[in-house]
Amino acid sequence: MSTRTARNVQQKASPFLVIKPTKWQDQPIPERRWLVKNILAHGSITLLTGDGGLGKSLLMQQLMTGLALGGQHWVGIELPPDPIVSLGIFCEDTEDDLWRNQFAINRAYDAEMHHMEAVNLVPRVGQDNVLAFFGRDDQAAPTAFYEQVTHKIRETGAQLVVVDTAADTFGGNENYRSQVRSFINLLRRWAMEMDGGVIITAHPSNFGLSQGTGISGSTAWNNSVRSRIYLTKPKDDVDDFGEQEDTNERILKLMKNNYGPSGDQIRLRWEHGIFAPATRGGSTMMDTLALDATVEREIGKLIVDGVRVLAFDRAQRGCAKLLAGKAAVKGWSLGDIVASKERLLEKGKLVRVDLKNQYRHTETLIRPYDMRYPDEVKE
């Protein structure tokens with residue numbers, strides 16, 4: 001008997017589950033749960049590829065922050081309403097790098113460092129970060145570092161693990177399909193155990209860059225994960241010699257999605273130390289967040305001045321018409337102000353209240369959640 005055969009005989013059999021569809025008769029279909037809608041589902045792995053220096057690590061730290069705050073967005077994508085704990089293994093960033101990034105990200109989310117309890121950052125520059133080695137059977141053998149990460153996942157209650165990057169943590173040959181699949185399965189153990197998800201970052205090959213696919217090594221990297229996103233630069237950003245210019249523009253493309261359509265893309269711009277999605281008119285998410293903060297603040301000022309702000313936009317005392325002439329929102333249209341009001345209502349930063357006016361007619365007003373109208377206090 002060969003050595004390989006002997007190993008296979010000694011292997012412990014995995015659970016063999018047989019399901020009869022009859023058990024699903026008249027049962028409600030389980031909804032798919034997302035950590036990042038249409039990108040990262042619970043129990044799955046997502047691969048983020050992109051050339052070095054484009055900002056993959058920053059994007060991941062932004063995601064961890066958005067999840068920690070709950071009810072936020074990540075480059076324009078809505079995140080779950082409740083805070084989610086994350087653990088990020090950053091093999092190419094020092095503590096100071098992560099600190100600087102976090103300061104810029106907090107500023108964009110209007111948050112403080114003490115709000116980051118659910119964010120766990122692990123700087124690993126210059127250390128042995130291999131999570132698995134491979135024997136002759138090409139099966140992944142977890143390292144001591146893998147066990148350390150597993151322990152930290154359980155200790156923190158993390159539901160998202162970021163592995164940055166594959167080059168630092170994969171101890172095999174990226175062109176061997178069996179090794180790649182075994183490695184991804186090892187990461188999937190984390191996703192299944194924590195009822196969460198794992199994102200692993202990777203650099204594309206020269207072929208992947210030239211073809212615009214972002215793939216590196218064996219196609220098993222793409223085939224073994226449930227979704228893959230690709231961070232790249234706009235193709236039209238070239239100089240007079242046909243070389244791509246180093247601008248602040250990026251495109252985040254959804255290259256693969258097993259649970260829905262692929263092909264979507266978000267145009268990003270690096271500004272103020274973070275990536276923000278570009279919106280109409282050249283404005284970005286940073287601009288939108290600034291508008292929301294301004295609208296909330298200006299409504300509060302109106303209430304302090306004794307103005308009752310109606311919830312209906314077309315009314316003379318409606319939010320949009322009351323704010324439209326103010327210098328603080330100069331350059332924004334009525335539609336922008338109305339959209340901002342709706343976002344603030346959805347986030348709970350503004351609330352609707354029904355109060356009687358001087359004629360004893362009930363009016364629906366809006367106010368910041370932490371303020372009260374004078375007559376509201378009496379009721």
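Keep in mind that this is a model prediction, so the values were computed, not measured. By convention here, the first residue in the shown sequence is residue 1.
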(request) List, by chain and number, the other hydrophobic cluster members for V125, where Ile, Leu, Val, Met, Phe, Trp and Tyr join if side-chain heavy atoms come within less than 4.5 Å, directly or indirectly. (result) none

(message) If only side-chain N and O atoms count, and only distance matters, is there a donor-acceptor pair under 3.5 Å linking T165 with D168?
(response) yes

(message) If I compare all heavy atoms of L58 with all of I274, which pair ends up nearest, and what's the gap?
(response) CD2-CA, 4.0 Å

(request) Please determine, by modelled atom types, if N257 and S227 share a side-chain donor-acceptor pair under 3.5 angstrom. (result) no

(request) Calculate, to the nearest 0.5 Å, the distance between atoms CD and CZ belonging to Q139 and F183 respectively. (result) 13.5 Å

(request) Among Ile, Leu, Val, Met, Phe, Trp and Tyr joined by side-chain contacts under 4.5 Å, find the other residues sharing a cluster with I29 and list them by chain and number. (result) none

(request) Would you mind telling me which of T49, D51, L59, I251 makes a side chain to side chain contact (heavy atoms under 4.5 Å, CB included) with L231? (result) L59

(request) Write down the atom of S182, the atom of D138, and the distance for their closest heavy-atom approach. (result) CB-O, 3.7 Å

(message) Can you tell me how far apart CD (E363) and CG (L355) are? Round to the nearest 0.5 Å.
(response) 8.5 Å

(request) Without swapping roles, check the side chain of R107 against the backbone of H272 for a donor-acceptor pair under 3.5 Å. (result) yes

(message) With rounding to the nearest 0.5 angstrom, report the CG to CD distance, L344 to E342.
(response) 9.5 Å

(request) Any chance you could measure L63, atom CG, to L160, atom CG, to the nearest 0.5 Å? (result) 5.5 Å

(message) Strictly distance-based, threshold 3.5 Å: is any side-chain N or O of R33 a donor or acceptor partner for the main-chain N or O of P30?
(response) no

(message) Restricting to non-hydrogen atoms, name the atom on A311 and the atom on K341 that form the minimum distance, rounded to 0.1 Å.
(response) O-NZ, 3.1 Å

(request) Grab the two heavy atoms, one from L54 and one from F275, that are nearest each other, plus how far apart they are. (result) O-CZ, 3.1 Å

(request) Compare all side-chain heavy atoms of T169 with those of C91 and state whether any distance is below 4.5 angstrom. (result) yes

(request) Check the surroundings of atom CD in E147: do more than 12 heavy atoms from other residues, nucleotides or ligands lie under 6.0 Å from it? (result) yes

(request) Sequence neighbours left out, what passes side-chain hydrogen bond (donor to acceptor under 3.5 Å, both in side chains) with T156? Give chain and number order. (result) none

(message) Pair D375, R308 - check salt bridge (Lys or Arg N to Asp or Glu O under 4.0 Å), show working.
(response) CA-CA 11 Å; D375 49 333; R308 295 163 70 92; 2.9 Å; yes

(message) Tell me which pairs pass ring pair (Phe, Tyr, Trp, His ring centres under 6.0 Å) where either residue lies in residues 108-156, with sequence neighbours left out.
(response) H73-Y109, F134-F170, Y146-W190

(message) Show, in sequence, the C-alpha distance, side-chain angles and deciding distance for L322 and V307, and conclude whether the side-chain contact (heavy atoms from CB on, under 4.5 Å) test is met.
(response) CA-CA 9 Å; L322 286 172; V307 179; 4.0 Å; yes

Atom pairs and distances, side-chain donor-acceptor, residues 94-104, under 3.5 Å, sequence neighbours left out:
from: T94; atom 1: OG1; to: D96; atom 2: N; distance (Å): 3.4
from: T94; atom 1: OG1; to: D97; atom 2: N; distance (Å): 3.2
from: T94; atom 1: OG1; to: D97; atom 2: OD2; distance (Å): 3.1
from: D97; atom 1: OD1; to: R100; atom 2: NH2; distance (Å): 2.9
from: D97; atom 1: OD2; to: T94; atom 2: N; distance (Å): 3.0
from: N101; atom 1: ND2; to: Q61; atom 2: OE1; distance (Å): 3.4
from: Q102; atom 1: OE1; to: Q61; atom 2: NE2; distance (Å): 3.1
from: Q102; atom 1: NE2; to: T65; atom 2: OG1; distance (Å): 3.0
from: Q102; atom 1: NE2; to: N106; atom 2: OD1; distance (Å): 2.9

(request) Please answer: with hydrophobic residues joined when any side-chain heavy atoms are less than 4.5 Å apart, are V85 and L87 in the same cluster? (result) no

(message) Checking side-chain polar atoms at under 3.5 Å, does Q179 have a donor or acceptor matched by the opposite partner on N173?
(response) no

(request) Give a yes or no on whether V309 and V338 share a hydrophobic cluster (residues Ile, Leu, Val, Met, Phe, Trp, Tyr; joining criterion: side-chain heavy atoms under 4.5 Å apart). (result) no

(message) To check you understand the geometry: which heavy-atom pair defines the closest contact between A118 and A68, and what is its length?
(response) CB-CB, 3.8 Å

(request) May I ask you to test the M60-T201 pair for a side-chain heavy-atom distance under 4.5 Å? (result) yes

(message) Quick check against the 3.5 Å criterion: does T143 have a side-chain atom that pairs as donor or acceptor with the backbone of V130?
(response) yes

(request) Please list, chain by chain and in numerical order, all residues satisfying side-chain hydrogen bond (donor to acceptor under 3.5 Å, both in side chains) with S86, sequence neighbours excluded. (result) none

(message) My understanding is that only residues two or more places apart in sequence, or in another chain, count here; which of them pass side-chain hydrogen bond (donor to acceptor under 3.5 Å, both in side chains) with R189?
(response) none

(request) Taking only Lys NZ, Arg NE, NH1 and NH2, and the carboxylate oxygens of Asp or Glu, determine whether E249 and R267 approach each other closer than 4.0 Å. (result) yes

(message) Please check: side-chain N/O of Q159 versus main-chain N/O of D195, any donor-acceptor pairing under 3.5 Å?
(response) yes

(request) Could you grab the distance from atom SG of C319 to atom CG of L345, nearest 0.5 Å is fine? (result) 8.5 Å

(request) Go through the structure and list residues passing side-chain hydrogen bond (donor to acceptor under 3.5 Å, both in side chains) with E112, not counting sequence neighbours. (result) none

(request) Mind running salt bridge (Lys or Arg N to Asp or Glu O under 4.0 Å) on K152 and E155 for me, showing each step along the way? (result) CA-CA 5 Å; K152 188 57 65 175; E155 181 181 81; 2.5 Å; yes

(message) Is there a side-chain contact between P123 and D93 in this structure, where contact means two heavy atoms from C-beta onward sitting under 4.5 Å apart?
(response) no

(message) For E298, give me all partners under side chain to side chain contact (heavy atoms under 4.5 Å, CB included), at least two apart in sequence or on another chain.
(response) T294, K301, L323, K326, A328

(request) Kindly say whether V225 contributes a backbone atom to a donor-acceptor pair with the side chain of K256 at under 3.5 angstrom? (result) yes

(message) Would you say that L48 contacts L252 through its side chain, given a criterion of any heavy-atom pair below 4.5 Å between the two side chains?
(response) yes

(message) Given 3.5 Å as the limit, does a donor-acceptor pair link the side chain of R226 with the main chain of L40, or not?
(response) no

(message) Show every side-chain hydrogen bond (donor to acceptor under 3.5 Å, both in side chains) that has at least one partner inside residues 18-28, sequence neighbours left out.
(response) none

(request) Determine yes or no for a side-chain-to-main-chain donor-acceptor pair under 3.5 angstrom, with S224 supplying the side chain and W221 the backbone. (result) no

(request) Carefully, step by step, assess R367 and V353 under the rule side-chain contact (heavy atoms from CB on, under 4.5 Å). (result) CA-CA 8 Å; R367 59 164 172 79; V353 292; 3.6 Å; yes

(message) My understanding is that a hydrophobic cluster links ILVMFWY residues whose side chain heavy atoms are under 4.5 Å apart, including indirect links. Using that, what else belongs to the cluster containing F312?
(response) none

(request) Flag yes if more than 12 heavy atoms outside R317 fall under 6.0 Å of its CZ atom; otherwise flag no. (result) yes

(request) Go through the side-chain N and O atoms of T364 and D354 and say whether any donor and acceptor fall under 3.5 Å apart. (result) yes

(request) Output every pair passing side-chain hydrogen bond (donor to acceptor under 3.5 Å, both in side chains) with a member in residues 121-132, not counting sequence neighbours, ordered by first then second residue. (result) R124-Q127, R124-N129

(request) Determine whether more than 12 heavy atoms belonging to other residues, nucleotides or ligands lie under 6.0 Å from atom CE of M192. (result) no

(message) If I take atom CD from residue E296 and atom CD1 from residue I366, how far apart are they, to the nearest 0.5 angstrom?
(response) 10.5 Å

(request) For the pair K56 (side chain) and G50 (backbone), establish whether a donor and an acceptor sit closer than 3.5 Å, ignoring hydrogens and angles. (result) yes

(message) Please give me the minimum heavy-atom distance between L291 and D336, naming the atom from each residue.
(response) CD2-O, 3.7 Å

(request) Decide yes or no for I39 and I229: does some side-chain heavy atom of the first lie under 4.5 Å from some side-chain heavy atom of the second? (result) yes

